[in-house]
Visitor: 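Input: one structure, supplied below.
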Amino acid sequence: MPAFPKPIHLSHHFIREALNAGDTVIDATLGNGHDALFLAKLVGERGVVFGFDVQKSAIQSSSELMQSSEISHDRYHFLHAGHEEMNGHVVDEVSVIMFNLGYLPNADKSVITTEDTTLLALEQSLGLLKVGGLVSIMCYPGHDGGDREADAVRKWCSELARENYRVAEYGLLNAPNNPPFLVLIEKTK
Ligand SMILES: C[S@@+](CC[C@H](N)C(=O)[O-])C[C@H]1O[C@@H](n2cnc3c(N)ncnc32)[C@H](O)[C@@H]1O
């Protein structure tokens with residue numbers, strides 16, 4: 001890894017550390033399914049990936065990516081639903097939950113994640129997360145609305161009880177145009 005990796009690459013590093021083969025994990029923002037495929041390869045043949053997206057096209061393209069990557073159908077459950085509904089769909093404890101906020105590049109840029117539903121989903125994530133598990137949140141403050149959401153996520157995470165959670169933030173301070181940053185939550189108790 002370079003001295004200062006991109007935030008998303010750093011998130012991959014910590015995710016690899018936090019999960020084991022056979023785990024159940026969640027991609028809270030499926031998009032084109034790249035993060036879900038990354039997770040599916042890590043959890044292996046006994047693991048399961050739940051995925052959420054409000055765009056039907058995201059469910060379609062993510063499913064196609066899994067099929068073309070020969071991930072068997074019983075290893076992923078992609079739901080055309082907001083991540084704020086994850087409690088109604090996931091009952092197992094999970095080791096990793098990935099959020100890649102904002103909009104999907106090369107798609108409808110008016111469909112963005114927003115602080116109201118993102119915070120609801122984060123709240124539910126902590127309930128589903130096993131001790132030692134990780135929530136990874138890529139924030140994109142550079143677009144309209146993304147700044148408000150990023151501020152809300154940072155504030156919410158920074159107020160989590162330190163007895164139960166460790167929270168870290170990482171980003172490049174001198175990159176232009178409100179660069180993306182990563183927030184990581186580890187459940188310790
Ligand atoms: C930056 S993209 C995700 C990229 C994706 N992880 C990938 O690997 O391609 C953000 C996605 O969040 C989705 N989204 C917006 N609001 C959502 C919500 N409430 N619940 C779940 N997904 C949502 C958008 O439709 C979009 O596909």
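Just so you know, ligand 1 is whichever comes first in the structure, and atom 1 is the first atom listed for that ligand. All figures in this text were calculated on a predicted structure; none of them were measured in a lab. The first residue of the sequence shown is numbered 1, and numbering continues consecutively from there.
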Visitor: With heavy atoms of N32 as the reference, note each atom of ligand 1 found under 4.0 Å away.
Guide: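 Within the 4.0 Å cut-off of N32, ligand 1 contributes 7 (C), 9 (O).
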Visitor: Judged by non-hydrogen atoms, does D108 sit under 4.0 Å from ligand 1?
Guide: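 D108: no contact with ligand 1 (<4.0 Å).
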Visitor: Students should be able to answer this: which protein heavy-atom is nearest to atom 10 (C) of ligand 1, and at what distance?
Guide: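 Sorting protein heavy atoms by distance from atom 10 (C) of ligand 1 puts N100 O, 3.3 Å first.
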Visitor: Please state which protein non-hydrogen atom is closest to atom 24 (C) of ligand 1 and give its distance, to 0.1 Å?
Guide: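 That would be D53 OD1, 3.5 Å.
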Visitor: What is the nearest protein non-hydrogen atom to atom 5 (C) of ligand 1, stated with its residue, atom name and distance?
Guide: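 Here the closest protein heavy atom is L30 O, 3.1 Å.
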Visitor: Run the numbers for me: atoms of ligand 1, each under 4.0 Å from some heavy atom of V54, listed by number.
Guide: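 Listed by number with element: 14 (N), 15 (C), 16 (N), 17 (C), 18 (C), 19 (N), 20 (N), 22 (N), 23 (C), 25 (O).
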Visitor: Taking the minimum heavy-atom distance to atom 16 (N) of ligand 1, which of T117, T114, T113 ranks first?
Guide: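 That would be T113.
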Visitor: Please work out whether any backbone atom (N, CA, C, O) or any side-chain heavy atom from C-beta onward of Y103 is under 4.0 Å from ligand 1, and answer side chain, backbone, both or neither.
Guide: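 It is the backbone that touches ligand 1; the side chain stays farther off.
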Visitor: With no hydrogens and no angle check, is any side-chain donor or acceptor of Y170 less than 3.5 Å from a backbone partner on P5?
Guide: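 Checked: pair present.
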Visitor: In residues 32-52, what donor-acceptor pairs under 3.5 Å come from side-chain atoms, sequence neighbours left out?
Guide:
| from | atom 1 | to | atom 2 | distance (Å) |
| --- | --- | --- | --- | --- |
| N32 | OD1 | S61 | OG | 3.2 |
| D35 | OD2 | N100 | ND2 | 3.1 |

Visitor: For atom 8 (O) of ligand 1, which candidate among I59, D35, L120, L65 holds the nearest heavy atom?
Guide: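 It is D35 that holds the nearest heavy atom.
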Visitor: Determine, considering heavy atoms only, which of H83, M86, M98 sits nearest to atom 20 (N) of ligand 1.
Guide: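 Answer by nearest heavy atom: H83.
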Visitor: Could you tell me whether D108 atom CG has more than 12 heavy atoms of other residues or ligands within 6.0 Å of it?
Guide: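 Result for CG/D108: enclosed.
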Visitor: Which atoms of ligand 1 sit under 4.0 Å from any heavy atom of L101?
Guide: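 Counting from 1, the qualifying ligand atoms are 1 (C).
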